[in-house]
Structure formats: structure tokens, C-alpha cells
Amino acid sequence: RLARLRARLVKSNNVFGKSLLALLSSDSIDEDVWDEIEETLLMADLGTEPTMELVERLRERVTVEGSRDPERVRSLLREELTALVDPSLDRSLTLDASGRPAVMMVVGVNGVGKTTTVGKLARVLVAEDKDVILGAADTFRAAAAEQLTTWGARVGVPTVKSDVEGADPASVAYEAVSAGIEHEVDVVMVDTAGRLQNKANLMDELGKVKRVIEKLSDVDEVLLVLDATTGQNGLNQAKVFSEVVDVSGIVLTKLDGTARGGIVVAIQRQLGVPVKLVGLGEGPDDLAPFDAESFVDALLE
Ligand code: GDP
């Protein structure tokens with residue numbers, strides 16, 4: 001059965017899948033329609049197991065109810081998808097550390113949109129009247145600190161960075177958090193490096209950044225940024241990072257450029273970590289809290 005599905009997938013050249021709602025508009029929901037629903041969910045990166053389970057359950061419910069009313073089947077599909085995405089997960093950010101700044105580390109592989117996310121999130125926090133300090137602990141990539149400082153200036157928050165290229169990222173993180181404590185800000189966000197090529201070094205470095213910050217303060221959030229367009233690869237990255245640091249939430253970026261948002265389900269299942277925020281573009285306002293309902297709507301369209 002799986003092999004047949006895969007074969008169908010390979011043959012299919014409709015990368016963006018078909019509209020699930022359109023599929024369920026036909027009068028009779030026959031074998032082909034079920035296959036196509038499966039295909040579409042797989043192409044959205046929902047993952048093989050959740051897809052098979054979902055379609056199985058849906059078929060069962062349709063059989064039990066004996067309803068072939070497409071309207072009813074659509075609402076069952078919406079229900080099943082929503083349950084998979086798990087709307088009951090707590091997706092709030094820990095931003096109130098009462099008496100000290102909330103400290104956030106932002107981690108992820110180069111190019112996934114870490115720095116952009118820090119900038120966008122700083123803007124959201126500033127709009128909520130919070131004082132924010134950024135820490136440029138990606139000292140490996142020369143342009144990274146510059147890029148973060150530019151974002152900081154853009155949204156009106158200071159950035160702590162080192163003037164020395166290749167400086168110790170942990171010491172920059174330490175400086176940022178101590179500046180945050182000194183100035184009694186609400187949130188310190190630390191941008192980190194993401195050279196996954198050298199897994200052992202990366203692990204050492206991130207672990208050290210966290211330990212050094214912890215000399216001053218708890219780390220309240222570790223946000224792992226993943227690029228939604230990278231599908232399964234993103235999931236592998238997520239596993240590596242969660243081995244090094246306790247990831248508390250995922251930011252899924254570049255959802256504007258893909259129909260593969262189903263990866264949310266796979267991430268939450270395999271890591272037990274909720275997707276908290278989504279990136280929907282390159283601009284300063286293109287960050288949103290993850291919302292299960294609108295997410296499912298998007299999957300269905
Ligand atoms: P970093 O290396 O992880 O810090 O990644 P950057 O923040 O430098 O982002 C890499 C590229 O992705 C930049 O060109 C960003 O503008 C772009 N980018 C970041 N987030 C998004 C997003 O949500 N949607 C789109 N379309 N592009 C994004």
C-alpha cells in the first residue's frame with residue numbers, strides 16, 4: 001500500500017498538491033478520492049504515519065455515519081486535521097520573568113531565518129511596550145552581528161555585540177544578559193550561530209552559551225527556527241538541536257513560500273515541542289503566532 005502511494009507521489013508533478021476541499025466536492029467519494037486526499041496530505045509534509053492514520057479514521061467515520069454528504073466529510077476532515085495539529089498545546093512565550101529580564105535563546109541552522117525572526121519578534125515586543133536588548137552571539141559569521149544590529153536599529157532596540165570577529169559567543173551572550181539585568185529590560189534575545197556542518201562544535205558552543213547565561217539567569221525560552229521549505233531535513237535538524245538544548249518552542253519560517261506546512265504535525269509529534277510562531281515573509285510585520293484553526297484552513301485550501 002505504501003509502495004503504491006509512493007509510486008503515485010513520484011508520478012504526480014503537482015508539487016503544491018490539490019485542494020482538499022475541491023477533492024471532497026465531488027458527489028461520490030470513491031477510492032480515487034481517498035488516494036488523492038492521502039497524496040495531498042503527504043505532499044504537504046504531514047508525514048506518512050499521521051496521513052495514513054488520519055485517512056483511515058476519516059474513512060471509518062464516514063462509513064459509520066453512512067454520510068456521503070461532501071459537506072459532512074469536509075467537516076470531519078477539518079476536525080481530524082485540527083486534532084492532529086493539537087490546538088490544546090500551550091503556545092505562549094514565557095515573557096514575564098518577574099523581577100528580571102526574560103531570557104530567550106534563538107537557535108537554528110544558518111539561513112533558516114534566525115536573525116530575521118529575532119528582529120521581527122523584537123518589533124512585536126516593542127509594540128507591546130517591552131524593553132528589549134538583543135545579543136549577537138553569532139560571532140562566526142561576520143555579517144550576522146551587523147545584520148542583527150541593523151534589525152535592532154530598525155525596531156529601536158540596542159544590540160550587544162563584540163567588535164572582535166570570532167569572539168567567544170558565550171561571552172557575548174553573557175554581556176547581553178548582564179546589560180539586560182543592569183538596565184532592567186523586559187526581554188533579552190540572544191541570536192546564536194548555526195553551523196550544522198560541525199555538529200560536535202555546534203553542540204559544545206550552544207551548550208556553553210546556555211551554561212554561561214545561566215550564571216546570571218534562567219533561560220526562559222529556547223526557540224528553534226526551522227525553514228518550512230526544507231521538509232524532512234528540517235525535522236532532522238530539529239532532532240539535533242533538541243539533543244543539545246531544551247527547545248521550548250519552534251518558529252516555522254518561510255511558510256509564505258510553501259504548501260508544505262504539514263511539517264508542523266511531524267515536528268510536534270516527534271519532538272513534543274509546540275510550534276509557537278510562524279514566519280510569513282521577509283518584512284518586519286511578517287511574524288504571527290501559530291494558530292491551529294487558520295493553519296488547518298490553509299491546509300484544506
Ligand atoms: P539566519 O542565517 O538563520 O539568521 O537567517 P536570516 O535571518 O539571515 O534569513 C535568511 C533569509 O531568509 C533572508 O533572506 C530572510 O529575509 C529570509 N527569511 C527569513 N524569514 C522568512 C520568512 O518567513 N519568509 C520568507 N519568504 N523569507 C524569510
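Every number for a ligand or one of its atoms is a count from 1 in the order of the listing.
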Verify the neighbour count for atom CD of Glu79: are there more than 12 heavy atoms of other residues, nucleotides or ligands below 6.0 Å? yes
Closest protein heavy atom to atom 5 (O) of ligand 1, given as residue, atom name and distance to 0.1 Å: Gly113 N, 3.0 Å
Return yes if a side-chain donor-acceptor contact under 3.5 Å exists between Ser294 and Asp291, otherwise no. yes
Protein contact of atom 2 (O) of ligand 1 - nearest heavy atom, named by residue and atom, plus distance: Gly111 N, 2.7 Å
Which heavy atom of Leu206 sits nearest to which heavy atom of Val245, and what is that distance? O-CG1, 4.3 Å
Between Lys120 and Gly279, the two heavy atoms sitting closest are NZ-CA, 4.0 Å
Judging by distance only, is a nitrogen or oxygen of Leu255 under 3.5 angstrom from one on ligand 1? no
Decide yes or no on side-chain contact (heavy atoms from CB on, under 4.5 Å) for Val55 and Glu80, but give the supporting numbers first. CA-CA 9 Å; Val55 172; Glu80 292 289 347; over 6 Å; no
I'd like to know if the side chain of Glu221 pairs up with that of Ser248 as donor and acceptor (distance under 3.5 Å, no hydrogens or angles considered). yes
Please report which non-hydrogen protein atom sits nearest to atom 11 (C) of ligand 1, along with the residue it belongs to and the distance in Å to one decimal place. Lys254 NZ, 4.0 Å
For atom 1 (P) of ligand 1, which of Gln147, Lys120, Lys114 has the closest heavy atom? Lys114
Hey, looking at atom 26 (N) of ligand 1, which of Thr192, Thr253, Asp256 has the closest heavy atom? Asp256
Closest protein heavy atom to atom 27 (N) of ligand 1, given as residue, atom name and distance to 0.1 Å: Glu282 CG, 3.3 Å
Applying a strict 4.0 Å limit to heavy atoms, is Leu280 in contact with ligand 1? yes
State, to 0.1 Å, how close Lys130 and Val187 come at their nearest heavy-atom pair, and which atoms those are. CD-CG2, 4.1 Å
Could you give the distance from CD (Glu38) to CG (Leu41), rounded to the nearest 0.5 Å? 8.0 Å
Atoms in ligand 1 with a heavy atom of Asn110 nearer than 4.0 Å: 2 (O)
With heavy atoms under 4.0 Å as the rule, classify the contact between Thr117 and ligand 1 as side chain, backbone, both or neither. neither
Which protein heavy atom lies closest to atom 7 (O) of ligand 1, and at what distance to 0.1 Å? Thr116 OG1, 2.5 Å
Please report whether ligand 1 has a polar contact with Asp286, defined as an N or O pair separated by less than 3.5 Å (distance criterion only). no
When you measure from atom 22 (C) of ligand 1 to every protein heavy atom, which one gives the shortest distance, and what is it? Gly281 O, 3.1 Å
Considering only heavy atoms, does Val225 approach ligand 1 within less than 4.0 Å through its side chain, its backbone, both, or neither? neither
Report, in ascending order of atom number, the atoms of ligand 1 lying under 4.0 Å from any heavy atom of Gly279. 23 (O)
Does the side chain of Asp96 come under 3.5 Å of the side chain of Ser98 through a donor N or O and an acceptor N or O? no
Atoms of ligand 1 close to Val109 [distance to a heavy atom under 4.0 angstrom, numbered from 1]: 3 (O)
Which atom of Leu93 lies closest to which atom of Leu277, heavy atoms considered: CD1-CD1, 4.3 Å
